[in-house]
Participant: 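Before I ask anything, here is the structure I am working with.
For ligands, and for the atoms within them, numbers begin at 1 and follow the listed sequence.
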Amino acid sequence: MTLRLQKYLALCGVASRRAAEEIIAAGRVRVNGKKVTRMGVLVDPSADRVEVDKRLVRPAGQYEYVLLYKPAGYVTTMKDPFGRPTVKDLVRDVKARVFPVGRLDLDTSGLLLLTNDGELANRLTHPSYGVEKEYLARVRDLPSGETLRRLAAGIMLDDGMTAPATVRLIKGGKPTSLLALTLKEGRNRQVRRMLEAVNHPVVSLKRVRLGQLTLKGLRPGEWRRLNAREVKALKQAAGLA
Ligand code: URA
């Protein structure tokens, strides 16, 4: 099926059809990488790549948002050159080309969002929007109150100070303790590196929350689509209301 470019842009919520014509005339639209300024060009939404100001546009409601309970032992990628199990193997039934938002380490389990909504994905992984990620970490030995305060206030890692976080001791003990950490940033292996830095290495790690989303109702390896209310809340948390 093909339709006129200005109509397609309107359908995608870029602008009204009239305003879309102006956007096209201004040279802001590309189809399959080529600038289009002529009216009436036909596009096939399922085959053509339409960009406005170099951003891919899609019809509203075409995005997929998948919440996966990633088990440990799966790589957070859609394809692994070493042939290890990937999160893609777990979401085979999702036909859209979704990709993971951020990354959980091979050994980390828990909440992983996959989507083809690039703008939301960017924002969710960018520290400036401060979307909360909560982790349960089982660590070696019993961290002192002072150590918990240091973790919360910010500690120096090789890529700089960590932002303020919330840290709670859920169950203290030996040889291991259970902590809950809520971060607003998501650097590579951040939780593991923070706990390593205070000499309480992680024994196991699970992400239990992203914004308002939790793993409730899912078992390891299971996934579900977000409902409209959840998508809206997530967008709001990322400043995209
Ligand atoms: N922090 C880590 O160290 N690992 C993860 O997988 C996620 C956050």
Participant: So does R193 pair up with E196, basic N to acidic O under 4.0 Å?
Facilitator: no
Participant: What protein heavy atom is closest to atom 4 (N) of ligand 1, reported as residue, atom name and distance in Å?
Facilitator: D105 OD2, 2.7 Å
Participant: Grab the two heavy atoms, one from L120 and one from D117, that are nearest each other, plus how far apart they are.
Facilitator: N-OD1, 3.2 Å
Participant: Which of the atoms of ligand 1 are close to Q190, meaning less than 4.0 Å from one of its heavy atoms?
Facilitator: 1 (N), 2 (C), 3 (O)
Participant: Can you spot which of I155, L179, L205 makes a side-chain contact (heavy atoms from CB on, under 4.5 Å) with L195?
Facilitator: L179
Participant: For ligand 1, note which part of V202 has a heavy atom under 4.0 Å away: side chain, backbone, both or neither.
Facilitator: neither
Participant: Identify, by atom number and element, the atoms of ligand 1 in contact range of L205, meaning under 4.0 Å from any of its heavy atoms.
Facilitator: 1 (N), 2 (C), 3 (O), 4 (N), 5 (C)
Participant: At less than 4.0 angstrom from any non-hydrogen atom of T108, what atoms of ligand 1 do you find?
Facilitator: 4 (N), 5 (C), 6 (O)
Participant: Is there at least one pair of N or O atoms, one from R193 and one from ligand 1, spaced under 3.5 Å apart?
Facilitator: no
Participant: Would R219 and E222 pass as an ion pair if we require N to O under 4.0 Å?
Facilitator: yes
Participant: Is K232 salt-bridged to E230, going by a charged N under 4.0 Å from an acidic O?
Facilitator: no
Participant: Can you pull out the closest protein heavy atom to atom 1 (N) of ligand 1? Residue, atom name and distance to 0.1 Å, please.
Facilitator: V191 N, 3.2 Å
Participant: Counting heavy atoms only, name the option from E196, M194, R189 that's nearest to atom 3 (O) of ligand 1.
Facilitator: R189
Participant: Does R187 reach ligand 1 with a nitrogen or oxygen that is under 3.5 Å from one of the ligand's nitrogen or oxygen atoms?
Facilitator: no
Participant: With the threshold set at 4.0 Å, does a side-chain nitrogen-carboxylate oxygen contact exist between E132 and R209?
Facilitator: yes
Participant: Using the rule side-chain contact (heavy atoms from CB on, under 4.5 Å), only one of V43, D48, I23 pairs with L5; which is it?
Facilitator: V43
Participant: In terms of residue, atom name and distance, what is the protein heavy atom nearest to atom 7 (C) of ligand 1?
Facilitator: Y135 CE2, 3.5 Å
